[in-house]
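Residue numbers start from 1 in every chain, and the chains themselves are labelled A, B, ... in the order their sequence lines are given, proteins ahead of strands.
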Amino acid sequence: MLAGIQQIDEVEWEVPVGYVPGMRVPGRFFLSDDLAETLEPDAVHQLANVACLPGIERYSLAMPDIHSGYGFPIGGVAAFDAESGVISPGGVGYDINCGVRLIATPLRADDITQPRALIEELFRTVPTGVGAESSLRLSHHDLAAMMTEGVRWAVEAGYGVENDISHCEESGRLDAADTAPVSKKAFQRGMPQAGTLGSGNHFLEIQEVDAVFDPETAEAFGLSPGQICFMVHCGSRGLGHQVCTDHLRVLESAHKRYGISIPDRQLACAPLSSPEGEAYFGAMAAAANYAWVNRQVITHQVRQVLQRMFGIAYEEMPLVYDVAHNVAKMEEHSSERGRRRFCVHRKGATRAFGPGLPEVPAAYRSVGQPVIIPGSMGSHSYVLHGTATAMERTFGSTCHGAGRVMSRTKAKKATPGSEVRKHLLEQGIVVRATSDAAIAEEAPEAYKESDKVVDVVRRAGLSLPVVRLRPLGVIKG
DNA sequence: ATGTCC
């Protein structure tokens, strides 16, 4: 382990105050011995830097999929006091409300007799890749409405059913959304992209439930061994990217006006109560709502393909749950000063609320919210459930996925995409992408093993495994 | 992540 880091227990480590000058609270991260070699010193430095921001509560946190990002580490969680704290675009990331959802079906693995044909049909239906454009023709008013209303807009427009709404975190809508601070340019970029997958680590997968760890909870989530599910991983496309770019520019100078000194320019921030902070918060929430609509429209497209190819009724393909990976939002948590409201930034981290909370949908309330953890291309994904331990230790948060260990450029040089594709096919996984380069960038070797990351959050008690999912087919940008 | 450098 790095010098100056203290071990708390077998999977938790502390970055003490003083690790970098100006820390207000310690840093804490979760990591096992076998993942220790993946830890980047830069990411730990970033974790410590976050602890310098005003109003930070208790700890600057990171999950076992920690790696260095823009300002804040990816895998980072930080809660800022609603009254004295700040909001920072670096704590959310460029892909606002990048997230993942799981759609259940009545199909079994042996119903998928022609995986190639199914993958090709999905690839034709779901626009994929950088600059992909949607078949939806939206007015400026439609776009504003979806950013304000979130998933409900999509359901009312015919792209889903009522149950889809309650099975999204926050019911698929942040009510802080404000389209006024969303620039014309962001509107223009978002206009043709609602219902498109994008590129990079975004994907659409056909998966089979191949292991059940907690049968009772699996049943509550509507999941059973051998069942076919579809997983969608994507975000707010060019719209969220533009919102982040626009507001970073404003906040890079705003923090000085409020006497906030930051150890890294990438930690640009403003008080939650300032006009600049409120503007970013409103625009970020609008982009988050757009991302939920994006995943909802893709869900609709997947359901239509399955209706056509397998004759399944729309209602037989329920949304299990939808989680956000990159978002900041107001939540109430326990603190030394009692229950208080905080702006919880999760950047490459997943909310993992435990049993009994009103934020967890009624159908799942007795067990805690579903936590969906995508694996890298060709590796297992998991469904876990949130816990009371997460509420106590991490503001109700857990990891978000495997986490990169190799840069895109390095991955492209390491193995040609054609070879990665061939290797996955040998394991029975059909991959369809816009290019071989896109496959090379996302090669399994470029990521930590999802199994190891999930094992850390299990051992820490931040969320507990319910089922494991094996990919049969992957669509990649 | 991203009209992967307006």
Side-chain angles (χ1 to χ4, degrees), chain A residues 43 46 65-76 88-101 126-134 138 143 182-204 232-249 266 280 283-284 286-288 290-295 298 323-328 345-350 374 376-377 400-413 417 433-443 446-447 475-477:
Chain A
Q46 290 182 329
D65 42 357
I66 179 172
H67 56 287
S68 66
Y70 185 91
F72 285 57
I74 295 159
S88 173
V92 173
Y94 273 90
D95 191 4
I96 295 165
N97 192 8
C98 173
V100 59
R101 58 166 56 190
V126 181
T128 297
V130 183
E133 296 203 350
S134 168
L138 301 169
L143 193 53
V182 176
S183 68
K184 193 178 167 193
K185 205 169 172 185
F187 262 85
Q188 281 168 350
R189 291 181 71 176
M191 196 77 84
Q193 294 186 325
T196 64
L197 195 62
S199 65
N201 66 358
H202 291 166
F203 67 72
L204 165 60
V232 178
H233 181 199
C234 64
S236 51
R237 310 284 284 106
L239 187 147
H241 193 275
Q242 192 63 46
V243 164
C244 184
T245 305
D246 291 341
H247 287 267
L248 267 173
R249 194 178 306 139
Q266 294 186 353
Y280 169 65
M284 183 272 305
Y290 177 90
W292 270 309
V293 172
N294 192 26
R295 291 196 285 278
I298 291 171
V323 296
H325 285 166
N326 289 3
V327 84
H345 292 55
R346 295 192 183 90
K347 187 209 198 159
T350 311
S376 57
M377 183 169 61
H400 87 306
R404 243 178 208 288
V405 288
M406 203 187 281
S407 71
R408 288 168 201 279
T409 355
K410 204 176 159 195
K412 265 194 280 198
K413 284 177 191 159
T434 45
S435 71
D436 272 352
I439 298 177
E441 284 182 11
E442 294 297 314
Y447 285 86
I475 287 171
K476 272 283 180 191

Whole-Å gap separating [atom2] ([N]) and [atom1] ([X]):
| X | N | atom1 | atom2 | result |
| --- | --- | --- | --- | --- |
| A/Tyr94 | B/dT4 | OH | P | 13 Å |
| A/Arg249 | B/dT2 | CZ | C1' | 15 Å |
| A/His202 | B/dT4 | NE2 | C1' | 14 Å |
| A/Leu197 | B/dT2 | CG | P | 9 Å |
| A/Asn97 | B/dT2 | CG | C1' | 16 Å |
| A/Tyr70 | B/dT4 | OH | P | 18 Å |
| A/His241 | B/dC6 | NE2 | P | 9 Å |
| A/Gln188 | B/dC6 | CD | P | 15 Å |

Exercise for review: With sequence neighbours left out, write down each residue that passes side chain to side chain donor-acceptor pair (under 3.5 Å) with A/Asn97, or none if nothing qualifies.
Suggested key: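 Only A/Arg295 meet the side chain to side chain donor-acceptor pair (under 3.5 Å) criterion with A/Asn97.
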
Point to revise | side chain to side chain donor-acceptor pair (under 3.5 Å) partners for A/Arg237, two or more places apart | key: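 Only A/Thr196 meet the side chain to side chain donor-acceptor pair (under 3.5 Å) criterion with A/Arg237.
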
Under 4.0 Å between any heavy atoms, over every strand shown, what does [X] touch: base, sugar-phosphate, or nothing? Just pick one.
| X | answer |
| --- | --- |
| A/Gln193 | sugar-phosphate |
| A/Gly200 | sugar-phosphate |
| A/Lys347 | nothing |

Check your understanding: If only side-chain N and O atoms of A/Arg408 are considered, is one of them under 4.0 Å from the OP1 or OP2 phosphate oxygen of B/dT4?
Key ->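 Result: no.
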
Practice item. Taking only the side-chain nitrogens and oxygens of A/Ser199, find out if one of them lies under 4.0 Å from OP1 or OP2 of B/dT2. Key: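 Checking B/dT2 against A/Ser199, a side-chain N or O does come within under 4.0 Å of OP1 or OP2.
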
**Study point:** Donor-acceptor under 3.5 Å (A/Glu442 side chain, A/Lys476 main chain)
**Key:**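 Here the side-chain-to-backbone pair does not exist.
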
Exercise for review: Please work out which of the three classes, parallel, tilted or perpendicular, describes the rings of A/Tyr280 and A/His247, given edges at 30° and 60°.
Suggested key: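 Plane angle between 30° and 60°, so tilted.
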
